[in-house]
2 protein chains.
Amino acid sequence: MPFSKDTSAGYLANHMARLFANGLARRIAPLGLAPAQFMTLLELWAEDGLTQAALVERLDVEQATMANTLARMQRDGLIERRAHETDRRARCIFLTDKARRIEAPAIAAAEAQNAAALAGLSAEEQADLIGLMRQVVATMRREG
Amino acid sequence: MPFSKDTSAGYLANHMARLFANGLARRIAPLGLAPAQFMTLLELWAEDGLTQAALVERLDVEQATMANTLARMQRDGLIERRAHETDRRARCIFLTDKARRIEAPAIAAAEAQNAAALAGLSAEEQADLIGLMRQVVATMRREG
DNA sequence: TAGGGTTGAATAGCAGGCTATGCAAGCGCA
DNA sequence: TGCGCTTGCATAGCCTGCTATTCAACCCTA
């Protein structure tokens with residue numbers, strides 16, 4: 001049986017993620033946000049004042065990736081960095097008022113994108129898909 | 001109900017695709033390949049001599065993205081470009097011997113990555129996941 | 001046939017992913 | 001106390017995505 005991109009989980013995952021990212025980018029662009037910035041803000045809206053290392057751990061990206069994303073967010077006035085109280089190497093990340101103000105519309109945009117993407121599936125199928133993706137993510141995180 | 005990254009289809013799709021890409025990258029790096037080059041080769045192994053526009057259509061990426069990927073593949077000795085027989089704007093993409101020789105090991109690497117990622121799922125669950133992803137891709141492609 | 005719209009491709013510039021390095025600060029133990 | 005390992009972060013350089021722009025070639029129609 002020949003390898004087919006239409007039945008390859010990896011290929012489909014890549015294609016699906018690109019379409020999700022494009023759709024989200026379009027919806028949050030009016031807020032001055034890009035997708036990775038939104039992901040980072042999700043964590044900071046839940047808990048402000050995290051260090052870069054904490055964000056790296058929660059979002060499962062490399063430290064250098066997060067450093068670059070945070071630099072763009074600071075440039076765009078979404079975050080401030082303040083000295084850590086006890087560890088002079090670390091800098092804590094705090095939201096600006098601007099970042100706090102766009103929480104509701106940004107989350108609404110992400111929910112709209114998810115809804116549009118899943119519109120062809122029943123509620124049960126949507127839950128199945130999410131459950132299966134979580135399992136696959138867990139498997140790949142485990143085996144490095 | 002708060003928005004949670006652990007139940008957001010878009011977030012999970014992004015995370016899963018990154019893990020797939022990292023795993024594939026590791027497995028095909030010894031062949032001198034990167035993931036997007038592998039995707040492009042999949043089309044060219046099936047049909048040699050395509051134009052850039054044909055590849056763009058089949059892989060659903062932007063023309064500029066494909067132009068850059070092809071430039072790197074040419075630099076790495078995987079493809080040659082020859083003049084189109086009747087259209088002087090177009091250049092046809094042909095595989096080099098080097099690219100033909102790595103077909104089998106590259107496909108084996110991709111199959112190994114898929115198998116590793118889906119190892120925690122039953123055969124039925126694997127088929128469900130692939131079917132659901134295809135539906136989501138189809139929905140998002142339709143609505144632009 | 002001349003002009004104008006369309007199409008194939010390259011290029012610039014940016015976001016976001018990665019590895020590899022480098023450095024400063026913290027920590028731990030002889 | 002001091003040396004060395006670890007940890008937090010920044011930077012450089014690469015690949016892969018995107019939009020926007022440009023240019024040449026093609027094609028159609030007035």
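Just so you know, these numbers use all the heavy atoms, side chains as well, and skip hydrogens, waters and symmetry mates. Order of the sequence lines fixes the chain letters, A, B, ..., with proteins taken first and strands second; residue numbering starts at 1 for each chain.
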Original post:
Is the shortest side-chain N/O distance from B/N22 to OP1 or OP2 of C/dC18 below 4.0 Å?
Top reply: yes
Original post:
Between A/D60 and A/R141, is there a side-chain N and carboxylate O pair less than 4.0 Å apart?
Top reply: yes
Original post:
Should the pair A/E80-A/R82 be classified as a salt bridge under the 4.0 Å nitrogen-to-oxygen rule?
Top reply: yes
**OP:** Report the distance from atom CG of B/N68 to atom P of C/dG13, rounded to the nearest whole Å.
**Re:** 13 Å
Original post:
Between C/dA10, C/dG8, D/dC9, which nucleotide has the shortest distance from any of its atoms to the side chain of B/Q63?
Top reply: C/dA10
Subject >> Salt bridge present between B/E62 and A/R18 (N-O < 4.0 angstrom) >> reply: no
**OP:** Find the distance B/R58:CZ to C/dG8:P and express it as a whole number of Å.
**Re:** 14 Å
**OP:** Would you tell me if any nitrogen or oxygen in the side chain of A/R91 comes within less than 4.0 Å of OP1 or OP2 on D/dA10?
**Re:** yes
Original post:
Which is true for B/A25 with a 4.0 Å heavy-atom rule: it touches a base, it touches only sugar-phosphate, or it touches nothing?
Top reply: nothing
Subject >> N/O (side chain, A/R75) to phosphate O (OP1/OP2, C/dC14) under 4.0 Å >> reply: no
**OP:** Could you check which of D/dC9, C/dA9, C/dG17 has an atom nearest any side-chain atom of B/A90?
**Re:** C/dA9
Original post:
Salt bridge check: are B/R100 and B/D48 linked by an N-O gap of less than 4.0 Å?
Top reply: yes
Original post:
Is the shortest side-chain N to carboxylate O distance from A/R27 to A/E111 below 4.0 Å?
Top reply: no
Original post:
Looking at the side chain of A/R72, which of C/dA15, C/dG8, C/dA10 is the nearest nucleotide?
Top reply: C/dA15
Original post:
What nucleotide among D/dG17, C/dA10, C/dT6 has an atom nearest to a side-chain atom of A/R18?
Top reply: D/dG17
**OP:** Tell me which of B/E62 and A/A64 sits closer to the 5' end of DNA chain D, going by the nucleotide each one is nearest to.
**Re:** A/A64
Original post:
OP1, OP2 of C/dG16 versus side-chain N and O of A/T65: anything below 4.0 Å?
Top reply: no
**OP:** Output yes when at least one side-chain N/O atom of B/R88 is less than 4.0 Å from OP1 or OP2 of D/dA24, else no.
**Re:** no
Subject >> Closest to the B/A53 side chain, choosing from C/dA10, D/dA10, C/dG8 >> reply: C/dG8
Original post:
D/dG8 C1' sits how many Å from A/R81 CZ, rounded?
Top reply: 12 Å
